[in-house]
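Please read the structure below before turning to the comments.
Values below: all heavy atoms of this structure, side chains included; hydrogens, waters and symmetry mates excluded.
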Amino acid sequence: MRRRACGNKEDGAVCDIIRGRIKIKMKKLLCFLPLCILLSSPVSAQPSREDRDRIDELSFQDHRLMMQLLGISELRKGPSGNPSAPDAANSDESKASPYKSLPDPLVFNNGMKVIDPGQWEKRRLEIFEDFDREIYGRMPRETPAVEWKTGGQKDTVDGDYPVRIRQLAGHVNNSAFPAISVDIRMTLVTPRSAAAPVPVIVEFGWIFPKNRNVPPSVGPSGPPWQQQVLSKGWGYAILIPTSYQADHGAGLREGIIGLVNKGRPRKPDDWGSLRAWAWGASRAMDYFETNPEVDAKRVAIEGLSRYGKAAVVALAYEPRIAIGLIGSSGAGGVKILRRVFGEQVENLASSGEYHWFAPNFMKYAGPLAADDLPVDAHELIALCAPRPVFISAGSPDVEGQW
């Protein structure tokens, strides 16, 4: 059964964040495309158990297809997130670092050292190439244009603060493959009384179904983070990643990835959901640059858990984002993949999480291991330089044992 979350999303204050808060034929698989589209279209709908099982099965089948494509017959099983399980993930610091060294961000692949900023810019390209090929996947050189439209606008109040709320939709040009339609959903909230363009905090947001009980915030008491942002005269935006790329393997034939691939399966170095979600943040930046109420040079990106992974990927690949607030991103985010603590590469390469990454990443849970990776998370953080990156980790009691 697929593990649904690395942790639970909680509303909290910005200051809390800053404090630390095998076989299947191609023809057979292609026939599932219409079903995939049907299952993931309503972003906020609660899938039925039957639909959930179908999504899991389709994800499993695509996962096996990728293994077949890579010539992998078997993957190692990852540790359990249940601390009382016999195969529980390691939580002992003395056993966490068996590796002897990490790849050096300031050493070229040919062994030469980086000695000046100009060389660093060239070295950055090498690091990006390794991440593109082996971990997050390559974004196509050309992606379809996005046209942003306001679906609704309302002047109201958020707490004590007069605000303007815009419901935005970024329609992705699908003329090259009309069978797949993609729209980026985002809500922008700005102070009504602002005399100049305002900074904006962008959150990769979660949509909870109306019939789902969301647990109350477990952080310190006080106003929610949105109102703390507004108290500074800033704005905020909620960007919904799953509106343009589903969070499961069954959705890889749809969304922006499916659109550019025209419904076909991915190639070994094709982008996964994390890179696609980051692409959406770049398209949000395109919109902010056209809105006179937003200071597009002072935009922050933040996310928690899997969206913490997406936030740091977005920051690394999008130079227009000014700062990143990375919450509990764990493995596949800012956690060292070689580090034997908590979730491991083997977990990430399973049928429940492989869609976040390029298919090539699965090799490191099969014939290869984490130590064979050409890059690791510290180099992803280095790619964000010189912009600030705040990295936090939360309580396992709140966010889950990972």
Nearest 0.5 Å, what's the CD-CG distance between Glu302 and Leu239?
-> 11.5 Å

Assess whether atom CD of Glu147 is packed by more than 12 heavy atoms of other residues, nucleotides or ligands within 6.0 Å.
-> no

Do Tyr136 and Phe361 pass the ring pair (Phe, Tyr, Trp, His ring centres under 6.0 Å) test, and can you show the C-alpha distance, the side-chain angles, and the key distance before you say yes or no?
-> CA-CA 8 Å; Tyr136 299 115; Phe361 184 66; 8.0 Å; no

Is the closest side-chain donor-acceptor distance between Ser80 and Asn82 under 3.5 Å?
-> no

Can Asp158 and Gln226 be said to form a side-chain hydrogen bond (donor to acceptor under 3.5 Å, both in side chains), step by step?
-> CA-CA 8 Å; Asp158 188 339; Gln226 296 93 332; over 6 Å; no

For Glu121, look at atom CD and say whether over 12 heavy atoms of other residues, nucleotides or ligands are found less than 6.0 Å away.
-> yes

Is the backbone N or O of Ile238 less than 3.5 Å from a side-chain atom of Glu203, with the two atoms forming a donor-acceptor pair by type?
-> no

May I ask you to check whether Tyr364 and Glu346 show a side-chain donor-acceptor distance below 3.5 Å?
-> no

Pairwise side-chain contact, Leu75 with Ser350, heavy-atom cut-off 4.5 Å (strictly under) = no

Glu50: partners by side-chain contact (heavy atoms from CB on, under 4.5 Å), with sequence neighbours left out | Ser48, Arg54

Determine, stepwise, if the pair Asp270 / Arg138 fulfils salt bridge (Lys or Arg N to Asp or Glu O under 4.0 Å).
-> CA-CA 5 Å; Asp270 271 357; Arg138 302 185 193 279; over 6 Å; no

Measure the acute angle between the ring planes of Trp277 and Tyr307, then classify it against the limits of 30° and 60° as parallel, tilted or perpendicular.
-> perpendicular

Show the numbers, then the answer: is there a salt bridge (Lys or Arg N to Asp or Glu O under 4.0 Å) between Glu93 and Arg339?
-> CA-CA 10 Å; Glu93 285 286 351; Arg339 181 171 157 81; 2.9 Å; yes

Show the atom names and distances, to 0.1 Å, of all donor-acceptor pairs under 3.5 Å that link a side chain in residues 369-390 to residues at least two apart or in another chain.
residue: Asp372; atom: OD2; partner: Ala369; partner atom: N; Å: 2.8
residue: Asp376; atom: OD1; partner: Leu337; partner atom: N; Å: 2.6
residue: Asp376; atom: OD2; partner: Leu337; partner atom: N; Å: 3.4
residue: Asp376; atom: OD2; partner: Arg338; partner atom: N; Å: 3.2
residue: Asp376; atom: OD2; partner: Arg338; partner atom: NH1; Å: 2.9
residue: His378; atom: NE2; partner: Pro103; partner atom: O; Å: 2.6
residue: Glu379; atom: OE1; partner: Asp376; partner atom: N; Å: 3.0
residue: Glu379; atom: OE2; partner: Arg123; partner atom: NH2; Å: 3.3
residue: Arg387; atom: NE; partner: Cys384; partner atom: O; Å: 3.1
residue: Arg387; atom: NH1; partner: Leu315; partner atom: O; Å: 2.9
residue: Arg387; atom: NH1; partner: Glu318; partner atom: O; Å: 2.9
residue: Arg387; atom: NH1; partner: Ile321; partner atom: O; Å: 2.9
residue: Arg387; atom: NH2; partner: Leu315; partner atom: O; Å: 2.7
residue: Arg387; atom: NH2; partner: Cys384; partner atom: O; Å: 3.4

Any side-chain donor near an acceptor of the partner, Asp247 and Trp356, under 3.5 Å = yes

Applying ring pair (Phe, Tyr, Trp, His ring centres under 6.0 Å), run through Trp225 and Tyr236 and close with a yes or a no.
-> CA-CA 10 Å; Trp225 72 265; Tyr236 66 89; 5.5 Å; yes

Inter- and intrachain pairs under ring-ring contact (aromatic ring centres under 6.0 Å, His included), touching residues 86-111, at least two apart | none

Does the side chain of Ser282 come within less than 4.5 Å of Arg320's, by heavy atoms?
-> yes

Taking the inter-plane angle between the rings of Trp148 and Tyr287 on a 0 to 90° scale, is it parallel (under 30°), tilted (30 to 60°) or perpendicular (over 60°)?
-> tilted

Measure the CD1-CE distance between Ile301 and Met285 for me, rounded to the nearest 0.5 Å.
-> 9.0 Å

Derivation and outcome, salt bridge (Lys or Arg N to Asp or Glu O under 4.0 Å), residues Asp116 and Lys122 | CA-CA 10 Å; Asp116 60 48; Lys122 295 178 181 179; over 6 Å; no

Stepwise salt bridge (Lys or Arg N to Asp or Glu O under 4.0 Å) test for Glu57 and Arg52 = CA-CA 9 Å; Glu57 177 60 24; Arg52 184 68 261 159; over 6 Å; no

Lys335 and Glu343 ion-paired at < 4.0 Å | no

